[in-house]
Amino acid sequence: MEDLVIRDADVVDGSGADSYRADVVIDGGRIVAIVQEAAAAGCQRPKARRELDAEGLVLSPGFIDMHAHSDLALLRDPDHSAKAAQGVTLEVLGQDGLSYAPVDDRTLQEVRRAIAGWNGYGEDVDFDWRSVGEYLDRLDSGVEGRGIAVNAAYLVPQGTVRALVVGWEDRPATPQELDRMRQLTAEGLEQGAMGLSSGLTYTPGMYAEDAELTELCRVVAGYGGYYCPHHRSYGAGALEAYAEMVELTREAGCPLHLAHATMNFGVNEGRAPELLALLDEALAAGADITLDTYPYTPGCTTLAALLPSWASEGGPAEILRRLADDDTAARIRHALEVTGADGCHGVPVDWDTVEISGVGDQRLADHVGRTVLGSARLRGEEPWATARRLLLDDGLAPTILQHVGHEENVRAIMRHRVHTGGSDGVLQGAKPHPRAYGTFPHYLGRYVRELGVLSLEECVAHLTGRPAARLRLPDRGLVREGYRADLVLFDPATVAAGSTYDAPRTLPTGVPHVLVDGRFAIEDGRRTDVLAGRAVRRSPV
């Protein structure tokens, strides 16, 4: 007898097709039978050791978070309800060109400091890997050898590769260095990575010229992977930056997935149709393009990411040295406040839009939840003085929310036929962005039920079948016989994000059951002790 039958579910299968009512039978971690209501009339209904009454609930594939920053969280937090409670069953890690493999001892320490704002410094993590394959093996082992809360895929981080080979200097790679970066990229893909990511407003990835990126993308294309850039600007010059990535990947013959694709800052208000026209033209010409977004207007990054690229050359220690020097700090301030630093997307910073969301040193916690301008006023000083002191005293660890988005752009982009969902969820800090805990229920509650921006079937396809197709996963992302039983049951009448800007770690409502590999990670709305997640590796070409 099979393990489980989910009885009388409204199945939204991830393809975009109309929903249907069915019994779904699960055994050995896979869907073994789907008996639609009409077919079951007059016949004996399937039985199993356990039955779950799904009356009134939608059964869909588990959600795929195409842009996640859980690279260390999955190893340190067996609960991981931030994602499991949303119905997420697979996260794509290694984002924005910076993560923890491939590394050597030097690069690992540099990267840990550089992205402490995203993941913490990792004092409680045993960094017992150096290669991509070893990191994926570590995910398989997970917490005390028992696995991880949800599945995880990985992108080779181009900035980390460049740090390992070239260092943190702003210069072109030599031919020998480029060969070594090609080799490391190929090795990561051979070991199971899905593709390559870049953070082209973050050091040292931003120092790569297009010719260098094109050569790496040729390697990715040869392995059937995709390129996922955080491109060079989401503000002034955003359209040019998108066009640059489209042309670069066309030249390389490489599929393109645009990370957290949006149009931010005042210069881009109402300009989403121009981006979509650019993409439609490329798609009509045969380009292979997808994108992900989160359903919120503020962005989230580190405070240090706003600095001009020249101030970040050489890595974290050099950034701190420059900030400590009064003359150099004055130049940094001018770039930020007057000319518009490339780290701030070419737009002069408005300190009233930059909210401190987290710090590493809890003695600085009184800054959290305030804008830099608001915190500065309390201290009777200029905003730059507050920002500079925070960076120095907290070792570049502060994270920020940047309130620079536009709702009409968010809605227009999420309607596009190549759109997928990605939380870009940073789990660090006392007051993280609510997208980390709420992205997927927010899509279903706010943008499907309340606003009707997407139909339920369309939205589920955006969050499941379409991302699985981009990842080239042969047995995930759809409710089909033979597919992995990574599934979510939610109430379409009540599903909603619980997280808010004031209470960002509140869990969602209306998601009573989540299965990972056929086992309940969430049951009756509560997290179980199941750790069924593993590394999901690239399928061979």
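All heavy atoms count here, side chains included; hydrogens, waters and symmetry mates do not. Starting from 1, each residue takes its place in the sequence as its number.
- Looking at Leu283 and Arg417, their side chains come closer than 4.5 Å, going by heavy atoms from C-beta outward.
- In this structure, Val88 and Phe440 have side chains that are in contact, with non-hydrogen atoms separated by less than 4.5 Å.
- With sequence neighbours excluded, the residues forming a side chain to side chain contact (heavy atoms under 4.5 Å, CB included) with Gln362 are Val359, Ala365, listed by chain and number.
- In this structure, Gln191 and Ser131 have side chains that are in contact, with non-hydrogen atoms separated by less than 4.5 Å.
- Looking at Thr262 and Tyr234, their side chains never bring a donor and an acceptor atom within 3.5 Å of each other.
- Checking Thr160 against Ser99 by side-chain atom types alone, no donor-acceptor pair falls below 3.5 Å.
- Qualifying side chain to side chain contact (heavy atoms under 4.5 Å, CB included) partners for Pro432, counting only residues two or more places apart in sequence or in other chains: Pro504, Arg505.
- With sequence neighbours excluded, the residues satisfying side chain to side chain contact (heavy atoms under 4.5 Å, CB included) with Thr290 are His257, Val418, Arg470.
- For Arg446, the side chain to side chain donor-acceptor pair (under 3.5 Å) partners at least two apart in sequence or on another chain are Glu450.
- Side-chain contact check for Tyr296 and Arg435: no donor-acceptor pair (N or O, by modelled atom type) lies under 3.5 Å.
- A donor-acceptor pair shorter than 3.5 Å can be found between the side chains of Asp65 and Ser423.
- Every residue two or more places apart in sequence or in another chain was checked for a ring-ring contact (aromatic ring centres under 6.0 Å, His included) with Tyr121, and none qualifies.
- In this model, no donor atom of one side chain and acceptor atom of the other lie less than 3.5 Å apart for Gln86 and Tyr437.
- Residues satisfying the ring-ring contact (aromatic ring centres under 6.0 Å, His included) criterion with Tyr242, sequence neighbours excluded, are His231.
- The closest side-chain donor-acceptor pair between His230 and Thr201 falls under 3.5 angstrom.
- In the model, Tyr226 has no side-chain atom that pairs as donor or acceptor with a side-chain atom of Thr249 under 3.5 Å.
- Below 30°, between 30° and 60°, or above 60°: for His462 and His419 the angle between ring planes is between 30° and 60°, a tilted geometry.
- Using a 4.5 Å heavy-atom cutoff, the side chains of Val514 and Phe520 are not in contact.
- His80 meets the side chain to side chain donor-acceptor pair (under 3.5 Å) test with Glu91; sequence neighbours excluded.
- By the ring-ring contact (aromatic ring centres under 6.0 Å, His included) test, Tyr501 is found to be paired with His433, residues two or more places apart in sequence or in another chain being considered.
- Among residues at least two apart or in separate chains, side chain to side chain donor-acceptor pair (under 3.5 Å) pairs with a member in residues 523-535 are Arg50-Glu523.
- Using a 4.5 Å heavy-atom cutoff, the side chains of Leu4 and Leu515 are in contact.
- Residues that satisfy the side chain to side chain donor-acceptor pair (under 3.5 Å) test with Arg113, not counting sequence neighbours, are absent from this structure.
- Proximity of Leu291 to Leu256: side-chain heavy atoms (C-beta onward) are nowhere separated by under 4.5 Å.
- More than 12 heavy atoms of other shown residues, nucleotides or ligands fall within 6.0 angstrom of atom CD in Glu407.
- The side chain to side chain contact (heavy atoms under 4.5 Å, CB included) check on Asn119 picks up His69, Asp71, Leu72, Tyr100, Ile115, with sequence neighbours excluded.
- Scanning for side chain to side chain donor-acceptor pair (under 3.5 Å) contacts around Asn151 gives Asp486, with sequence neighbours left out.
- Side-chain contact, Ser15 with Asp13: a donor N or O sits under 3.5 Å from an acceptor N or O.
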